[in-house]
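Starting from 1, each residue takes its place in the sequence as its number.
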Amino acid sequence: FGENDNPMEKSIGSRSSAIDTIKKFLPFAKKELGLKDLPKIKSVTTVPGADGTTFGRYDPDSSVIYIVTQGRHPKDTLRTLAHELVHYQQDIEDRLNIRSGETGSPEENEANAEAGVIMRHYNEQNPE
């Protein structure tokens with residue numbers, strides 16, 4: 001890589017720049033999902049209640065999204081956030097259950113697919 005080609009240069013890095021990136025993304029994702037409101041979103045270094053292998057989690061009991069931002073590429077962080085916002089939408093629509101977070105569940109598959117679509121649309125409008 002050349003001096004300006006280091007992929008880590010594009011990582012969100014600091015908490016303040018992560019928050020700025022997320023603030024820019026949220027109105028777009030809210031509109032894409034047709035949400036009236038947004039849950040509370042907390043930038044964390046590790047996701048509470050997780051085993052350390054996940055970068056995001058929506059907690060339906062508190063309506064909070066926890067998202068790891070530091071040291072991650074912005075697109076990866078925003079995709080995680082989009083995924084968790086789909087779970088928030090599922091919760092509003094009373095479609096979450098005890099198995100919703102399991103790999104391969106209909107809710108998890110929907111969150112994965114919808115997050116991909118949201119990111120594709122966002123990237124088309126925000127190529128930078």
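- Sorted by first and then second residue, the pairs that involve residues 77-94 and meet salt bridge (charged side-chain N to carboxylate O under 4.0 Å, His left out), not counting sequence neighbours, are E93-R95.
- Checked by atom type, the side-chain pair E124/H121 shows no donor-acceptor distance below 3.5 Å.
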Residue pair Y66, S43: steps toward the side chain to side chain contact (heavy atoms under 4.5 Å, CB included) verdict: CA-CA 6 Å; Y66 297 95; S43 173; over 6 Å; no

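- Here the CG atom belonging to D37 is positioned 7.0 Å from the CD1 atom belonging to I92, to the nearest 0.5 angstrom.
- Atoms CD and CD, from E107 and E102 in turn, are 9.5 Å apart once rounded to the nearest 0.5 Å.
- Every ring pair (Phe, Tyr, Trp, His ring centres under 6.0 Å) that F25 has, sequence neighbours left out, goes to Y122.
- Among all heavy-atom pairs drawn from T21 and P74, the shortest one is CG2-CB, 4.3 Å.
- Closest heavy-atom contact between S100 and S105: O-OG, 2.6 Å.
- Atom CD of residue E110 and atom CD of residue E108 lie 10.5 Å apart, to the nearest 0.5 angstrom.
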Steps toward side chain to side chain contact (heavy atoms under 4.5 Å, CB included) verdict (I67, R72): CA-CA 11 Å; I67 186 161; R72 296 178 66 204; 4.2 Å; yes

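- One finds the OH atom of Y88 at 12.5 Å from the CG atom of L81 (value rounded to the nearest 0.5 Å).
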Step-by-step side chain to side chain contact (heavy atoms under 4.5 Å, CB included) determination, L85 to L26: CA-CA 10 Å; L85 285 168; L26 281 173; 4.0 Å; yes

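- Proximity of I22 to L78: side-chain heavy atoms (C-beta onward) are separated by under 4.5 Å at one or more points.
- In this structure, the side chain of K30 engages the main chain of K36 through a donor-acceptor pair within 3.5 Å.
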Start with the C-alpha gap between I41 and V64, add the side-chain angles, then the distance that decides, and say whether side chain to side chain contact (heavy atoms under 4.5 Å, CB included) holds. CA-CA 6 Å; I41 299 166; V64 173; over 6 Å; no

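- Between the CD atom in Q125 and the CZ atom in F28 there is a gap of 4.5 Å [rounded to 0.5 Å].
- Within the model, atoms CD of Q90 and CG of N97 stand 9.5 Å from one another, a figure rounded to the nearest 0.5 Å.
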